[in-house]
Amino acid sequence: MSKIKSLTHLTTRRQLLLTGLAALTLTGVNKALASSETKPLKTTTNHSKPTKKSGGRRVVMLDPGHGGIDTGAIGHNGSKEKHVVLAIAKNVRNILKSNGIEAKLTRTSDEFIPLYDRVEIAHKHGADLFMSIHADGFTNPSAAGASVFALSNRGASSAMAKYLSDKENAADDVAGSKVKHKDQYLQQVLFDLVQTDTIKNSLTLGSHILKQIKPVHKLHSRNTEQAAFVVLKSPSIPSVLVETSFITNPGEEKLLGTPAFRQKIASAIASGIISYFHWFDNQKAHSKKR
């Protein structure tokens, strides 16, 4: 009998301890969420909080990859990624503007901008979306097609995604250690809570863009890939990186050099953005009816 009493006593104590721990955990979460409503969101990157806009006009931040001392990938015939993607980004901007969407570029000329600053520019303009546009290269010249990437905090979704994210994240190396160390990986719990929702929206944005690109150009990946791209690390702005083609593929290098293809791919990207906004508005309207 004494053994049974002893076991009962231990079980009761264990239950009390677990109940107490659960209560403390819930209290901590509630306090964290409450404080997040009153205090500005802080991240280890020290990015500013996105500027609030007056009025309902949407802002899309288009980021032509590379620039200046950072040429990006170079094709077999000497085409430079930094020039091609700037031309495509300008086309996307014009199409969006003609559809009543304000579109801005992180760079409008051949200049170098650190990865951290590209995200900061989007925050300061109160962007609703951030899109980095690329035409990257691979070791195998047969690699071809378009891909769309969203952020991942859990590792890359494929070997190609890992390769490209490592390559893009090294873009600041040409500017030296001061620029390189300005960005740090995101670690705070509160940031992760917000980032989870942002990543979901980024994945949806990616699917809308891929759906529009598919009829006009080959897809390298049919689904939105994920990797730890530094340039996609805004805590609250849905962000994607679009690889329009592989400039190291001879056939795609030729395509990228033609105004007709640049306009075609830009139209698909812009249509994907517009489609995403329609979806987002429908979701918002649906949630209000509940």
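Between the side chain of His220 and the backbone N or O of Ser147, no donor-acceptor pair lies under 3.5 Å. With hydrogens and angles disregarded, no donor-acceptor distance shorter than 3.5 Å links the side chain of Arg262 to the backbone of Leu255. Asp63 places no side-chain N or O within donor-acceptor distance of the main-chain N or O of Gly65, the cut-off being under 3.5 Å. In terms of modelled atom types and a separation under 3.5 Å, the side chain of Asn94 and the main chain of Lys90 share a donor-acceptor contact. Asp128 places no side-chain N or O within donor-acceptor distance of the main-chain N or O of Val60, the cut-off being under 3.5 Å. Proximity of a side-chain donor or acceptor of Thr204 to a complementary backbone N or O of Lys200 within less than 3.5 Å is detected. Looking only at distances, no side-chain donor or acceptor of Ser165 sits under 3.5 Å from a matching main-chain atom of Phe229. Although no hydrogens or angles enter the test, the distance criterion places a donor-acceptor pair under 3.5 Å between the side chain of Gln226 and the main chain of Leu151. A distance-only check finds a donor-acceptor pair linking the side chain of Thr244 to the backbone of His134 [under 3.5 Å].
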Check: Given the rule in the side chain to side chain contact (heavy atoms under 4.5 Å, CB included) test, do Tyr276 and Asn201 qualify, once you have shown the distances and angles that lead to the verdict?
Finding: CA-CA 9 Å; Tyr276 168 80; Asn201 286 334; 3.4 Å; yes

Checklist line | Working for side chain to side chain contact (heavy atoms under 4.5 Å, CB included), residues His66 and Glu168 | finding: CA-CA 9 Å; His66 310 283; Glu168 295 299 347; 3.2 Å; yes

Next item on the list: Could you walk me through whether Leu86 and Glu81 pass side chain to side chain contact (heavy atoms under 4.5 Å, CB included), step by step?
Entry: CA-CA 9 Å; Leu86 180 58; Glu81 182 184 3; over 6 Å; no

Next item on the list: Evaluate the side chain to side chain contact (heavy atoms under 4.5 Å, CB included) criterion for residues Phe277 and Leu129: first the C-alpha distance (whole Å), next the side-chain angles of each, then the deciding distance (0.1 Å), finally the verdict.
Entry: CA-CA 10 Å; Phe277 280 140; Leu129 287 183; 3.6 Å; yes

Notebook entry, point to check: For Glu253 and His76, what are the C-alpha separation, side-chain angles and deciding distance, and is it a side-chain hydrogen bond (donor to acceptor under 3.5 Å, both in side chains)?
Noted result: CA-CA 8 Å; Glu253 181 186 9; His76 180 72; over 6 Å; no

Item checked: Verdict with reasoning, Asn77 to Ser79, per side-chain hydrogen bond (donor to acceptor under 3.5 Å, both in side chains) -> CA-CA 6 Å; Asn77 291 317; Ser79 302; over 6 Å; no

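One finds a salt bridge joining Arg58 and Asp281 here, because a Lys/Arg side-chain nitrogen approaches an Asp/Glu carboxylate oxygen to under 4.0 Å. Classification of Lys254 and Glu252 as a salt-bridged pair fails, no side-chain N sitting under 4.0 Å from a carboxylate O. Under a 4.0 Å N-O distance rule, the pair Lys167/Asp136 qualifies as a salt bridge.
A 6.0 Å sphere centred on CG of Asn99 holds more than 12 heavy atoms belonging to other residues, nucleotides or ligands.
Taking hydrophobic clusters as Ile, Leu, Val, Met, Phe, Trp and Tyr residues chained together by side-chain heavy-atom distances below 4.5 Å, Leu164 does not share a cluster with Val85. Under the 4.5 Å side-chain heavy-atom criterion for ILVMFWY residues, no single connected hydrophobic cluster contains both Met61 and Ile133. Taking hydrophobic clusters as Ile, Leu, Val, Met, Phe, Trp and Tyr residues chained together by side-chain heavy-atom distances below 4.5 Å, Met160 shares a cluster with Val231. Transitive grouping of hydrophobic side chains (ILVMFWY, heavy atoms separated by less than 4.5 Å) brings Val240 and Ile274 into a common cluster. Side-chain heavy atoms closer than 4.5 Å link hydrophobic residues (I, L, V, M, F, W, Y) into clusters, and following such links, even through other members, never connects Ile95 to Leu62.
Closest of all the heavy-atom pairs between Phe130 and Ala122 is CD1-CB, 3.6 Å. Minimum interatomic distance between Ala89 and Pro64 (heavy atoms only, all atoms of both residues): CB-CG, 3.6 Å. Pairing each heavy atom of Ser239 with each of Ser202, the nearest pair is N-OG, 2.9 Å. Listed here is the closest heavy atom pair of Ala150 and Leu203: CB-CD2, 3.9 Å. Closest approach of Gln212 to Ser271, counting heavy atoms only: OE1-CB, 3.5 Å. Heavy atoms only, all atoms of each residue included: Ala266 and Ile88 are closest at CB-O, 3.8 Å.
Taking the six-membered ring for Trp and thresholds of 30 and 60 degrees, Trp279 and His208 have ring planes inclined between 30 and 60 degrees apart.
Rounding to the nearest 0.5 angstrom, the gap separating the CD1 atom in Ile113 from the OG1 atom in Thr106 is 4.5 Å. Rounded to the nearest 0.5 Å, atoms CZ (Phe149) and OG (Ser132) are 11.5 Å apart. Note that the NE2 atom of His125 and the NZ atom of Lys104 stand 4.5 Å from one another [nearest 0.5 Å]. To the nearest 0.5 Å, atom CE of residue Met131 and atom CD1 of residue Ile269 are 6.0 Å apart. The NE2 atom of His217 sits 11.5 Å away from atom CG of Leu210, with the distance rounded to the nearest 0.5 Å. With rounding to the nearest 0.5 Å, the separation of CD1 in Ile101 from CD1 in Ile273 is 7.0 Å.
With a 4.5 Å cut-off on side-chain heavy atoms, Pro141 and Thr248 do not count as touching. The side-chain heavy atoms of Lys82 and Asp110, taken from C-beta on, include a pair separated by under 4.5 Å.
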